Amino acid sequence: MQWFASLEAWQQALLASLMMYAMTALGASFVFFSKKLNGTFITLLTGVAAGIMIAASFFSLLLPAIEQESSLPPYLTVTIGFALGGAFIVLSDLALSRSKFEFKGVGDKKNALLFFAVTLHNIPEGMSVGVAFALAPFSEGAALSAFLLAVGIAVQNFPEGMCVAFPLRAKGMSPLKSFLFSQGSGAVEIPACILGAVAASFIAGLLPWALAFSAGAMIAVVCSELIPECFAGNKAVASAGILAGFCLMMILDVALG
């Protein structure tokens, strides 16, 4: 631990981000163990993904956004940021629906929105860890808090990796491509974390807005894509999946928050 504490803030952020990314990739790797998926299992997985994203939006994004310092009162910052994030996804959905763009890589519009929302939410999370390491030398005990924050996000990234990989797999994408897209959603935390450490004074002011914006985007994707899709199947299984996913992420966030 002394060796880690002796490193520069950006180096600490880099190592922490690699750990966070590795947990996303580890969660995504479970898609290789999935063979042919039946309809009930697809419904369950989609519900779990929806529950994870709902809980992550609140516990990982909105609550930290409220706790961050901002030029506006916290309730205004999170409300405006959340509304802008949701509106962004709704407008993107409308634009994509009317366009003739083909998602040859990710599969279809729903997959693209899911991948984009999870990737988007990982950016402010990575930045928050980088900022925490950059500010650690100015506060007693802050270095340990920054490290624990990185560990907490890393553990949460494990189910998030599955949250992206399994819905993509359920849509017919190969296990390899599902894994590659899912781990890619976590890879953005590496540059975001380093950026947060290098430009802490500037990034810290943007964090509450970015966190709230990402929360709005995730909720919009869940409401427009995941929930309608899973409830089109078995409603009881879909409800159980959403509750299970929400509880899992809530436990991780509260226990490691």
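Just so we're clear, the structure is a prediction, and the values are computed from it rather than from any experiment.
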Which value, rounded to the nearest 0.5 Å, describes the distance between [X] atom [atom1] and [Y] atom [atom2]?
X    : Y    : atom1 : atom2 : result
L61  : H121 : CG    : NE2   : 5.0 Å
S178 : Q183 : OG    : CD    : 12.0 Å
F58  : I66  : CZ    : CD1   : 6.5 Å
S17  : W10  : OG    : CH2   : 10.5 Å
M218 : I89  : CE    : CD1   : 10.0 Å
L180 : L176 : CG    : CG    : 4.5 Å

Worked check of side chain to side chain contact (heavy atoms under 4.5 Å, CB included) between F147 and L15: CA-CA 10 Å; F147 179 75; L15 293 176; over 6 Å; no
Are any side-chain N or O atoms of N234 and backbone N or O atoms of V237, one a donor and one an acceptor, separated by less than 3.5 Å? yes
Donor-acceptor pair, side chain of E229 and main chain of L226, under 3.5 angstrom: no
[Y] side chain reached by [X] side chain, heavy atoms, under 4.5 Å:
X    : Y    : result
I54  : F59  : no
E125 : S60  : yes
L120 : V188 : no
L211 : L62  : no
F82  : W209 : no
P159 : L252 : yes
M162 : I52  : no
L207 : M127 : yes

Return the minimal non-hydrogen interatomic distance between [X] and [Y], and the atom names on each side.
X    : Y    : result
C230 : A238 : O-CB, 3.5 Å
S185 : V164 : OG-CG2, 4.2 Å
V222 : P228 : O-CD, 3.9 Å
S128 : I153 : OG-CD1, 4.3 Å
L7   : Q12  : O-NE2, 3.7 Å
A150 : M20  : O-CG, 3.6 Å

Given ring pair (Phe, Tyr, Trp, His ring centres under 6.0 Å), test F30 with F158 step by step and report yes or no. CA-CA 10 Å; F30 276 70; F158 180 80; 5.4 Å; yes
Is the distance from the ring center of F179 to that of F32 below 6.0 Å? yes
Is there a continuous path of hydrophobic side-chain contacts, each under 4.5 Å between heavy atoms, that joins L243 to I219? no
Is L84 reachable from L72 through a run of hydrophobic residues whose side-chain heavy atoms are each under 4.5 Å from the next? yes
Decide side chain to side chain contact (heavy atoms under 4.5 Å, CB included) for M19 and V151; before the verdict, give the C-alpha distance in whole Å, the side-chain angles of both, and the deciding distance to 0.1 Å. CA-CA 8 Å; M19 172 183 65; V151 171; 4.0 Å; yes
Using 30° and 60° as the class limits, which term best fits the ring planes of F213 and F88: parallel, tilted or perpendicular? tilted
Working for side chain to side chain contact (heavy atoms under 4.5 Å, CB included), residues V48 and I242: CA-CA 5 Å; V48 169; I242 292 173; over 6 Å; no
